[in-house]
Structure formats: C-alpha cells, structure tokens
Amino acid sequence: MKKTIFLIITLVFIFTACDNQISTSESESSGSTTSTSGNGANTGKTSGTSTSSSGTTTTASSGTSETFTVTDSANIFEVSSSTASVTLEGLTSGQTIYLTKTNPTDTAISSSYTRYITGGTGISLSSGDTSSTTSSSGSSSGTSSSGGKTGPRHCVSLSLNQNLPQIEESYSRSLSSSITKVTPTVYTESDVGTATRSIYIDQDEDISTFAAETATLRALGEYCYVWVVSDNWTSSSASGEKINSEIAEKIASNFDSMYLKIRNVFGEESNYLSSNTSLSSQIAMSDYSETGEIVNIVIYDIGKDYSNGTNSGSVVGYFYAKDYFYLSNPSSVYKYSNKGKYFYVDAYYAVAYTSTVYSTLAHEFQHMIDFGVKSMENGLQTGTAYNEMKSMLCEDIMYSTLCELDSDFSEDDSPVSRLPLFNRHYYDVGLEYKESSPEVYYSYSNNYAFGAWLLRNNGGISLLHEIATNAYTDEKAITKALSSTGSEAASMEELLKNYTAACVLSSDDYGFKAGPSSSELNLNGYSYSLEQIDLWNLASALPETYSECKNSTTYYKFDGPLLYGYSSQVTLRPYGITLQKAGTATDSTVTLNFNTSGISTSQKVYIIVE
C-alpha cells in the first residue's frame, strides 16, 4: 500500500494514526434494540465533552409533533428544534430509518447539547455499530522502516501569510532599488547531468532549518526542471534514497503531461515574486528569478531522515510559500527563499513509492497555484482544510491521466485510499484541520470525502474550477461557486443535509456512486475523471491497501461509514456530521420521540428513510 502525506508549507507525510477506541463520552450506552412505547428513558445519553456549544439552547417541557409521509421521491425530513415527536407514515415493514445531525457553523456543539431519540413505536430500535468498534483488539501499525505502508496520508500546510487582509486596489509591480535584476538561465538537454545550482533545502524533520546544498539538473521538461541533490543520485539502479535518470525523467514527463490540465481547472501559478511580506508589491520572475517562470522540482532526502537502509521520517513532498518572496532585507525563513517556483520531493519515496509520488506532483502543484490565485492575486488566505481538499481533488480528477502515464498507478495511490479512515472516524472532525495526532489524519480523510461527494453531485469539473478561481476562500468559495451555477444547494446547511444522506444510502448512481455526465467531466477541451466510489465496498477498490492493513487496523474493517445507535450523543465538530441508525420499521407507521431540553438550536436534525 503506497501512502503519501503531503506538506503546503505545504508538506507531504506518511504517518500512521492510532485507531483509538471510542471514548466513554462518545460511545452509546446499551439500549433496547426492540420497539419501545411512549417517551422512553434516555438510555443512551452520555456526559458532554469540554467543547463549547455553538448557538443557543432551548428548554422545553413539552414539544410539538410533526408528521411526514414517506414516498418514493421524498425520504429526507428535517426535524424542528421544538419537535418532541415525529410520526412517519407510508412505510413498508423492513425499511431502514436513519437519524443524521449536522453542524452548519464554525463552532463545535458539545455532545450533551445534541438531540437523540428517546424511544418510539412501530420500530425495532438499533444500537448501531459502536459496540463492534470498541471491542476490537486490533491496533494500527506504526510507520515501518520499509516505508510506513500502513500509514494514512496527510499534508500539513504551513504558510507565511495567515493574516493577510484582502487587497482591494491593484497590485504595485514596482521594484525595490536594493533588488538586482537577473537574466534567467534557460537550460537545454545538453545541461542535463552537468548544470548545478545552490538550493536552500531543509535540514530537519520539522522543516524548520535550512541550508544551501548543491543540486544537479537531472531531467528537463517543457514546464519543469528536475534537480537532484548530489547525495541522492546514482547512475545505476535506484535504491534507498538514491534515484536515477529513469525516475527523474519520468517525474519530468509526468508533470509536463499534467501541467496544462491542472492549470485549466485551478488557474495559473503566479509569475511574480513578492518584494514585501504583505504581497502588495510584486516583481516579475522573468526579471528577478534565476530560473525564470519554470517550475523547479527538487529531489533530496527531506528531513535528513534516511540512514542505514531505514527511512524514519514521513514527508513525501512539499510546497513552501517562502520561495515566492524576494525581500531586500530578509529575516527569519524568508532569507532561505529560492526565489522562484519550487516544490520538493523526498528521494526515498520517489524510489520506493514512485507511483504515489506522481500523484504528489499534482497535489503540490495545486498548492502552488492556490497561493498564486488566492494570495498573490487577491490577498486572501485559503484555510488549510480547504486547501488540502482542493489538492486531493486535483489528484482525484487526474486519476485517469495518472493511470495512462503509469501502468502501476491505481486507486491505492489515489486519495480514495483515505476513505477507510473516513468511514471509521468521520465524526472526530468536521470540515476543518486539526494538527494533533491522530485527528490530523481524520482531517484529510474528511475533507477529501466531502469534496469528492461535492463534485460528483454538483457540477463536476466546472464547479471545481469556479471554487478554485473565484475571489473567495473556504466554505464561502464553495457556496459562491454553487450560487453562480444556479444550484439549489448553495448553502452549507443544504449541502451537509444532502451529504449525510449520501453517507447512509448506498443506492446506485447516488451520492458517492454518482456518475457525472460527460459534460461535467470536460472543461475547455480537456477531459478529466471522477470515478464512482463505493464506500461500502472499498476493499474492492483498494486491494493492496486492504490486503496489508485489514487484519491490524480497525478502520479497514468497516463497510460504509460507522453508524451510531438511536440514542447516541456525539460532539458535532464545525461543519461536522453524525450518522445514526434509528432502526427498522415494523409497521407502516412509526413514531419517534426526541429529547427537547437543553439542546443547541444550531444543529440540524434529519430523518432519512431507505
């Protein structure tokens, strides 16, 4: 199983998350799995967490009742915050009833303020999947010396402009008198193997210290130069942390093959350097970068973590915005700017997981473009969660292209390999980025899952293009893009409602299994892919991943997203969801009773009938 982890700084890592058991505050108590009548006892209520609640709460001694009729065309019903009892009519015995909850805000809602079913009639209530997960004795394997094959991928974003204001006026393309023009070197095939450059590269696993080292031009593409640091080159067979000309040339040719297709969707990387830290004054790379406007891919032992046949680190590659700065009096990390378009790839992973590295090229190039489009052009800062989502979607839509370029490339090398972790841990994070382990892994799996569903059901490539190129970031970039297309689902509230339905209904041609039309897979004459995803049969899509991990890692044992029981309470993370199996209908009419006291009115609650 070939697993990457990406840094923006942007970085690419391969780590392994511990498959933690569900904590006491999140697990459901054992409750009846048979029909109950009236207002049943709160058998599943658990203690709240320390997370603060968003929105307001309401206390009601008695609530209202709602009645919904189940038809073939209507099976998602919103439950009002004041509703104490819901009656479902028109059911067939045996139909499955789900309870889903969403948090369409950027503040977590503590578990103790969430809604749950207290009991019901006409239904065999379900205790959900949690008992099977907590009893598992399996544990995640650590990153191994052979490359961390069991580690889920993630990309840590480290940027230099976290608090940039939006710049309304036109940028100044003026020159600081203390910065000297250069004439960029244009390399040719005759320079391959002989031309060298001094390039600042990292010196530790934290990517926090840098020093200049000599790198040699080892491959030449139409849109890129591939540089290899001297200690990581071999003229014979590639092994360990030493790559050869075959790998270097393939990296160059594959990047060339993806370059225009990626730009067509995400926009163009900036051809300017910033001469101040606010990005408000910019100078042309064609006049001030020694490599001009071409992309430089630098290959070396990232983090200095390879020794005696063992690779202890997890960084596969990264983009660092520092290289887009050319300051007259640089300090801190700015003084290590390489002053041009650069991203970095680890030599060990380029040898051991070559196919995955090809996907990494697409991932990191998106980060470079995002910095150009959102930051250099608009003075905006894309949040890490949404930046990583776009980079994983870049890998996603390039899947067919990567398969054509490399016969060994498969979904095991694609972001689909993140989805087993989503199935098991989607509730631990929302659409956010959490830096601590193991939540950082859950962040990447969740953000990809939502983005993958979004594109497959809301316009495909054109929607992604609008998200990537409009003058907004994060969830606002998504809702503005949807509004521009006239979509009815142009709010996070509506999107999350539909998303939860896709996470519990495994119908063909629906949700993750939706097959976008050919027009939704084309843009400006280029064709892309969005493969159908079966969350309930990932073992088929990821044979290598499952053969290596299913026996030692709990989250590979799940078919479909984990379902809590009818009476569970789980913290709702920002823009997060909870999925619960209420039970199975035993009658044509089902009544469900809800708690109404001390609940957050920010949450949205839905009944979904399959």
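Just so we're clear, the structure is a prediction, and the values are computed from it rather than from any experiment.
At least one side-chain heavy atom of L495 sits less than 4.5 Å from a side-chain heavy atom of I478. Using a 4.5 Å cut-off on side-chain heavy atoms (C-beta onward), F255 and L405 make no contact. When side chains are defined from C-beta on, L419 counts as touching V416, because their heavy atoms get closer than 4.5 Å. K374 has its side chain within reach of K390: a pair of non-hydrogen atoms, C-beta onward, lies under 4.5 Å apart. Counting only heavy atoms from C-beta outward, the side chains of T571 and Y427 never approach each other to under 4.5 Å. At a threshold of 4.5 Å between non-hydrogen side-chain atoms, the residues E66 and S80 count as touching. You'll find the side chain of E475 reaches within 4.5 Å of the side chain of Y575, heavy atoms only. Looking at heavy atoms from C-beta onward, E493 lies out of side-chain contact with T102 at the 4.5 angstrom threshold.
Defined by atom type and a distance below 3.5 Å, a donor-acceptor pair is missing between the side-chain atoms of E364 and Y318. In the model, T382 has a side-chain atom that pairs as donor or acceptor with a side-chain atom of D370 under 3.5 Å. Under 3.5 Å, the side chains of S359 and E395 contain a donor-acceptor pair of N or O atoms. Between the side chains of D428 and H425, at least one donor N or O lies within less than 3.5 Å of an accepting N or O. Side-chain contact of D412 with T545: a donor-acceptor pair under 3.5 Å is present, judged by distance alone. Side-chain contact of S527 with N522: a donor-acceptor pair under 3.5 Å is present, judged by distance alone. Between Q569 and S111, the side chains place no donor N or O within less than 3.5 Å of an acceptor N or O (distance only, hydrogens not considered).
In terms of heavy-atom proximity, G460 sits nearest to L530 at CA-CD1, 4.0 Å. What you find for A108 and R573 is that their closest heavy atoms are CB-NH1, 4.0 Å. Of all heavy-atom pairs between L393 and A452, the closest is CD2-N, 3.6 Å. Smallest separation of non-hydrogen atoms from I577 and L579: CD1-CD2, 4.1 Å. Closest approach of C503 to W536, counting heavy atoms only: O-CZ2, 3.5 Å. Annotation for H363 and S391: closest pair O-OG, 2.8 Å, computed over non-hydrogen atoms.
Between the side chain of E520 and the backbone N or O of S517, at least one donor-acceptor pair lies under 3.5 Å. For the pair N103 (side chain) and T107 (backbone), a donor-acceptor distance under 3.5 Å is present. The main-chain N or O of G317 is never found under 3.5 Å from a side-chain atom of D346 such that the two would form a donor-acceptor pair. Counting only distance, with no hydrogens or angles, the side chain of D106 and the backbone of P574 share no donor-acceptor pair below 3.5 Å. Under the 3.5 Å distance criterion, the side-chain polar atoms of S483 are matched with a main-chain donor or acceptor of T479. For E377 (side chain) and G372 (main-chain N/O), no donor-acceptor pair under 3.5 Å exists by modelled atom type. Between the N447 side chain and the E432 main chain, a donor and an acceptor come within less than 3.5 Å of each other. A side-chain donor-acceptor contact under 3.5 Å links S443 to the backbone of K434. Using a distance-only test at 3.5 Å, with no hydrogens or angles considered, a donor-acceptor pair links the side chain of R456 to the main chain of E531. Looking only at distances, no side-chain donor or acceptor of S507 sits under 3.5 Å from a matching main-chain atom of Y510.
Rounding to the nearest 0.5 Å places CG of L464 at 8.0 Å from CD of Q366. Atoms OH and SG, on Y342 and C224 in that order, are 13.0 Å from each other to the nearest 0.5 Å. From M376, atom CE reaches atom CG of N271 across 9.5 Å, with rounding to the nearest 0.5 Å. Rounding to the nearest 0.5 angstrom, the gap separating the CD atom in Q580 from the OG atom in S568 is 5.5 Å. Distance check: D559 CG to L538 CG gives 8.0 Å after rounding to the nearest 0.5 Å. Taken from OH in Y349 to OG1 in T356, the straight-line distance is 10.5 Å, to the nearest 0.5 Å.
Note: Y499 and F450 have perpendicular aromatic rings, judged against thresholds of 30 and 60 degrees for the angle between ring planes. Between F409 and Y399, the angle of the ring planes lies from 30° to 60°, which puts this pair in the tilted group. In this pair, F422 and Y426 present their aromatic rings tilted. The plane angle is within the 30 to 60° band.
For K497, the NZ atom counts as densely surrounded, since its 6.0 Å shell holds more than 12 non-hydrogen atoms of other residues, nucleotides or ligands.
Checking L496, N498, T100, V504 one by one against Y606, the side chain to side chain contact (heavy atoms under 4.5 Å, CB included) holds for a single residue, T100. Applying side-chain hydrogen bond (donor to acceptor under 3.5 Å, both in side chains) to Y528 and the options N264, T401, D396 leaves one that passes, N264.
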Candidate pair I97 and I608, rule side-chain contact (heavy atoms from CB on, under 4.5 Å), full reasoning: CA-CA 6 Å; I97 300 170; I608 300 173; over 6 Å; no
Chi angles and distances behind the side chain to side chain donor-acceptor pair (under 3.5 Å) call for S436, E439: CA-CA 6 Å; S436 59; E439 287 85 359; 3.2 Å; yes
Working for side-chain contact (heavy atoms from CB on, under 4.5 Å), residues K101 and T114: CA-CA 8 Å; K101 290 173 280 192; T114 60; 4.1 Å; yes
CA sep, side-chain torsions, deciding dist, call: S375, L380, side-chain contact (heavy atoms from CB on, under 4.5 Å): CA-CA 5 Å; S375 297; L380 302 172; 5.7 Å; no
M398/I262 under side-chain contact (heavy atoms from CB on, under 4.5 Å): CA gap, chis, key distance, verdict: CA-CA 8 Å; M398 295 304 295; I262 293 173; 4.1 Å; yes
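The ring of F365 has its center closer than 6.0 angstrom to the ring center of Y259.
Within the structure, the salt bridge (charged side-chain N to carboxylate O under 4.0 Å, His left out) test picks out no pair touching residues 459-471 (sequence neighbours left out).
Ion pairing between D323 and K341 fails under the 4.0 Å rule for side-chain N and carboxylate O.
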